[in-house]
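Data block below; observations after.
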Amino acid sequence: MTHRASAESRSSRPDSPFPAVANTDIHRVRETIITWFESAARPLPWRDADTTAWAVLVSEIMSQQTPVSRVEPRWREWMQKWPTPADLAQAPTAEVLHRWDRLGYPRRALRLQEAARVITEELDGHVPQTAKELERLPGIGSYTAAAVTSFAHGERTTVLDTNVRRVLIRLFAGRDRPSPSPGRAETEWAGQFVPETEHKQWNAGVMEFGALVCTARNPQCETCPLNDICAWQKAGRPTSAVKPKTQKWAGTDRQLRGAIMDVLKSAHENADGAHTGGSVPIDLFTTTTAKIDPDMLDELSGHTATKLDRVRDLSADSQRITRLIDDLVSDGLAARTKNVLQLPS
DNA sequence: AATGCGGGGTA
DNA sequence: TACCCAGCATT
């Protein structure tokens, strides 16, 4: 009695980040979202009935911090080229990075191949069924583990991505955006909305709702089917004072790595667009550290035999690469590819 | 809890 | 320019 009462009084405080929600509202939101999803869902290929768990996992990794519209064509190419974890496990890492193309965060491609090798060599080719096991794989955190558990295996979990968090925070906390990262309390709070049945439709639907209706910018509140109960709407749609800190790009090591990777990828592709499996180690430039390691440059300089004259020059000596970097930085790295490929000697 | 990690589309 | 995007790993 005392335990339950204190918990309720805590969560009922008006300034609580995760306020108590009436059962009628919970049912109303479930029903509305699931019904909306039936008619409004985008026809994403990884939602097809015959999709494999591996295909779902690939889609989730690619979609981390990357808009779905950019993921879809890459995903189609990947699944045609590497339909199973065993296929990706045996692929040349340089080609894996090349086919990752410009999705960003290329370390995800490396982690995905590592995961494919674990699944192939240690798990008999089967994607793990539980979130706990999934989280042991490289590149898979709480969100991706829950998403695969729900979308690929049909198990009831709480899927909490940036879309779900924004929708629920707006509806019931009246704030415009969630905190920078979700905590245990928020996950438990969000779990009360996941129904016993149709949990997959809820998880997918509320994500989609956040992506298409309750968006971060220009939300479609006028046509929103939940605007009558939305706490954010009732409060006048206030915007939070704290702005997220945006990361630097121009002139940073990250931009430089991207520039060099562009050159290396080009060196891996012949005139027909086929992958040559060249000797230049693309993956040297997808390390987890922020710095351009001088040892990496020395190793790169030891490789020759590339298709581009520019890269052949780059490979001739490490001092030249050092000069390239200096020039790129002094140029502010404005026109990335152009500068790398056409930098005057 | 903070930080680093890519790249492109959009207001 | 700044913000945002189906987050994760490290410190």
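Below, read A as the first sequence line, B as the second, and so on, with proteins coming before strands; counting in each chain starts at 1.
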Pairs of donor and acceptor atoms involving the side chains of residues 131-143 of chain A, under 3.5 Å and at least two apart or interchain, shall be tabulated with distances.
from	atom 1	to	atom 2	distance (Å)
A:E133	OE1	A:T130	OG1	2.8
A:Y143	OH	A:E60	OE1	2.7

Upstream residue (5' side of DNA chain B) when A:Q65 and A:S181 are each assigned their closest nucleotide: A:S181

Integer angstrom distance from the P of B:dT3 to that of C:dC3: 16 Å

Parallel, tilted or perpendicular: rings of A:W202 and A:F193 (30°, 60°): parallel

Stretch residues 149-170 of chain A: residues that reach within less than 4.0 Å of DNA chain C through a heavy atom: A:D161, A:T162, A:N163, A:R166

Atom P, compared across C:dA6 and B:dA11: separation rounded to whole Å: 15 Å

Test applied, side-chain contact (heavy atoms from CB on, under 4.5 Å); reference residue, A:V148; option that passes from A:H153, A:Q129, A:E155: A:H153

Side chain of A:N218 (C-beta onward), nearest among C:dA6, B:dG7, B:dA11: B:dA11

Sugar-phosphate, base or nothing in reach of A:T144, heavy atoms under 4.0 Å: sugar-phosphate

Residues A:R74, A:E77; criterion salt bridge (Lys or Arg N to Asp or Glu O under 4.0 Å); working and verdict: CA-CA 5 Å; A:R74 294 295 144 257; A:E77 292 173 9; 3.0 Å; yes

Nearest listed nucleotide, side chain of A:R107, among B:dG4, B:dG6, B:dG8: B:dG4

A:E208/A:R47 under salt bridge (Lys or Arg N to Asp or Glu O under 4.0 Å): CA gap, chis, key distance, verdict: CA-CA 12 Å; A:E208 191 83 336; A:R47 288 183 184 148; 2.8 Å; yes

Value in whole Å for how far the P atom of C:dG7 lies from CD of A:E186: 13 Å

Length of the line joining A:L57:CG and C:dG7:C1', which is rounded to integer Å: 14 Å

Sugar-phosphate only, base, or nothing, as touched by A:I140 at under 4.0 Å among non-hydrogen atoms: sugar-phosphate

Atom C1', compared across C:dC4 and B:dG6: separation rounded to whole Å: 13 Å

Among C:dA6, B:dG6, C:dC3, the one nearest A:K243 by side-chain distance: C:dC3

B:dT3 OP1/OP2 closer than 4.0 Å to side-chain N/O of A:K245: yes

Base B:dG6 to side chain A:T66, donor-acceptor N/O within 3.5 Å cut-off: yes

Closest approach of A:T93 to A:Q113 (non-hydrogen atoms, all atoms of both residues): OG1-OE1, 2.9 Å

Residue whose closest nucleotide on DNA chain B lies nearer the 5' end, A:L103 versus A:R217: A:L103

Side-chain heavy-atom pair A:R170, A:C214 within 4.5 angstrom cut-off: yes

5' priority, DNA chain C, between A:A204 and A:L137 [closest heavy atom]: A:A204

Sugar-phosphate only, base, or nothing, as touched by A:A216 at under 4.0 Å among non-hydrogen atoms: sugar-phosphate

A:T246 vs C:dC3: side-chain N/O to OP1/OP2 distance below 4.0 Å: yes

Sugar-phosphate, base or nothing in reach of A:P180, heavy atoms under 4.0 Å: nothing

Contact summary for A:C221 and A:Q233, nearest pair of heavy atoms: CB-NE2, 3.8 Å

Touch class at under 4.0 angstrom, heavy-atom based, for A:W100 against every strand present: nothing

5' priority, DNA chain C, between A:R42 and A:P138 [closest heavy atom]: A:R42

Atom pair distance, as rounded to whole Å: CG in A:L110 and P in C:dC8: 17 Å

Sugar-phosphate only, base, or nothing, as touched by A:T215 at under 4.0 Å among non-hydrogen atoms: nothing

Sugar-phosphate, base or nothing in reach of A:G141, heavy atoms under 4.0 Å: sugar-phosphate

Gap in Å between the two C1' atoms, one belonging to C:dC8 and one to B:dG9, rounded: 23 Å

Candidates C:dC8, B:dG7, C:dA6 - which lies nearest the side chain of A:E60: C:dA6

Sugar-phosphate, base or nothing in reach of A:R47, heavy atoms under 4.0 Å: base

Salt bridge flag under 4.0 Å for residues A:E114 and A:R111: yes

